[in-house]
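Here the structure is laid out as structure tokens; the discussion comes afterwards.
Throughout, a chain's letter reflects where its sequence line sits, starting with A, and its residues are numbered from 1.
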Amino acid sequence: MLDTVIPIAYTLVALAFLMSFWRLIAGPDAPDRILALDTLYVNTIAFLVLLGIHLGSAIYFEAALLIAMMGFVGTVALAKYLLRGDIIE
Amino acid sequence: MRRWLPHPLLTAALTLLWLLLVNALSAGALVLGALLGWLIPFATSRFWPERIRIRHPGVLARFLGVFAVDIVRGSFHVAWLILKGPARLRPTFVEVPLALTTDLAISLLANTISLTPGTVSARLSADKRTLVVHTLDTSDAAALVAEIKQRYEAPLKQIFEEGDA
Amino acid sequence: MTEILLSLFILSGAIFTFVGSLGLARLRDFYTRLHGPTKATTLGVGSLLIASAVHFSLRDEGVSLHEVLVTLFLFMTAPVSAHLLAKAALHLKVKSLAPTPADDRSTPPGAA
């Protein structure tokens, strides 16, 4: 059962990557691009978790945790930049 | 007590966080976690000017239940709207007048709104009196505001602010 | 039995992740696009993480609960970044399908 479900899930997540990437390129405004970047982070977490289940290894978990944290900090910094034109006040 | 353990809730949360991070329940991890949970509130005390007090644990538990159900409901709702296509959406900005006064309660309300059916909180006015909320699909803005106030704001007010006034 | 449950979680997680990005690509203005990634994608990843917790708890001895950390973290951060992005978009006057609220002149942008 898992053997059939996991490839389907990989495909769906890969399509999600493509669509987020399309939004990253197409824009049209800066907030759209930041949102696309944030979505790409979350998609990456989904992909890493899926990879962890598929390969039966827990080592991808730390990477997912770090990406979650860094992604959030990055998004907040970029949004702050749009609001203020400056990151560190 | 107050002096040596300024934020008991934070200490408990940090200890639990450490145990989850280590992903094991051993005496060593527990001691180290408790030590960190005790020390970190001192190092970050400037971020916690006031002590958080929870007045009605029962109301909090019910609120968390409603919240959990609404996250799932909200995601299904949004997913359905996305699949139906952009042409049928009726996006609107609504302004929610706030009865909450403390920063903590307002930020919790804003986050709750963002995670539940079809709404994202977009801006808080400077006087902290109104919250601008964007909704994906609505026909009755007044009903939406009433629902937000009754379903999420009232319990938060009860939990964090009752008796403060 | 558990395998069916696990498959269900994985599949629904992947579908929600997909739908969130579909919303991002398909909807017509920034504010509506914001909804997909904050709600659908977050729940999708949450569902995948639950599947991972169940999988590793059953396979190894002992419960694996550290997935809960990432789930909690995502559920706390997703609305915050959505709020900041919406605020930035309002500040920049990004094109919107809905009439945007009047400017809040009393705040300096980015305060609070």
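Interface with chain A: from residues 33-43 of chain C, residues C/R33, C/L34, C/P37, C/T41 qualify, criterion being any non-hydrogen pair under 4.5 Å.
Looking at C/A78, neither its backbone nor its side chain comes within 4.5 Å of chain A, counting heavy atoms on both sides. Only the side chain of C/F73 comes within less than 4.5 Å of a heavy atom in chain A; its backbone stays farther off. In this structure, chain C has a heavy atom under 4.5 Å from the side chain of A/D29, while its backbone stays farther away. Contact of A/A14 with chain C is not made at all, since no heavy-atom distance falls under 4.5 Å. In this structure, the portion of A/I8 lying under 4.5 Å from any heavy atom of chain C is its side chain and not its backbone. The contact between C/I15 and chain A is made by backbone and side chain atoms together, counting heavy-atom distances below 4.5 Å. Of the two parts of A/T75, only the side chain, counted from C-beta on, holds a non-hydrogen atom closer than 4.5 Å to a non-hydrogen atom of chain C.
A distance of 11.0 Å separates CG in A/L78 from OG in C/S81, rounded to the nearest 0.5 Å. Atoms CZ and CZ, on C/R26 and A/R23 in that order, are 12.5 Å from each other to the nearest 0.5 Å. Here OH of A/Y41 is found 13.5 Å from CG of C/L74. Values are rounded to the nearest 0.5 Å. Distance check, rounded to the nearest 0.5 Å: CG of A/L12 to CG of C/L11 gives 7.0 Å.
Between A/A79 and C/A88 the shortest heavy-atom distance is O-CB, 4.1 Å. Taking all atoms of both residues into account, the shortest heavy-atom contact from C/L48 to A/I53 is O-CD1, 4.1 Å. Closest heavy-atom contact between C/F18 and A/A16: CA-CB, 4.0 Å.
When the candidates A/L15, A/T39, A/D32 are compared by the number of heavy-atom contacts under 4.5 Å with chain C, A/D32 comes out ahead. Interface check for chain A: of the options C/G13, C/S7, C/S52, the most heavy-atom pairs under 4.5 Å are formed by C/S7. The greatest number of non-hydrogen atom pairs below 4.5 Å with chain C, out of A/V5, A/V76, A/T4, is found for A/V5. With respect to chain A, the highest number of heavy-atom pairs below 4.5 Å among C/L8, C/L6, C/L22 belongs to C/L22.
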Considering only distance and modelled atom types, tabulate donor-acceptor pairs under 3.5 Å from the side chains of residues 58-71 of chain A, sequence neighbours left out.
none

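No option in C/I10, C/I50, C/L49 other than C/L49 meets the side chain to side chain contact (heavy atoms under 4.5 Å, CB included) test with A/V49. Of the options A/V13, A/V42, A/N43, a side chain to side chain contact (heavy atoms under 4.5 Å, CB included) to C/V45 is made by A/V42 and by none of the others.
Proximity of A/M19 to C/L24: side-chain heavy atoms (C-beta onward) are nowhere separated by under 4.5 Å.
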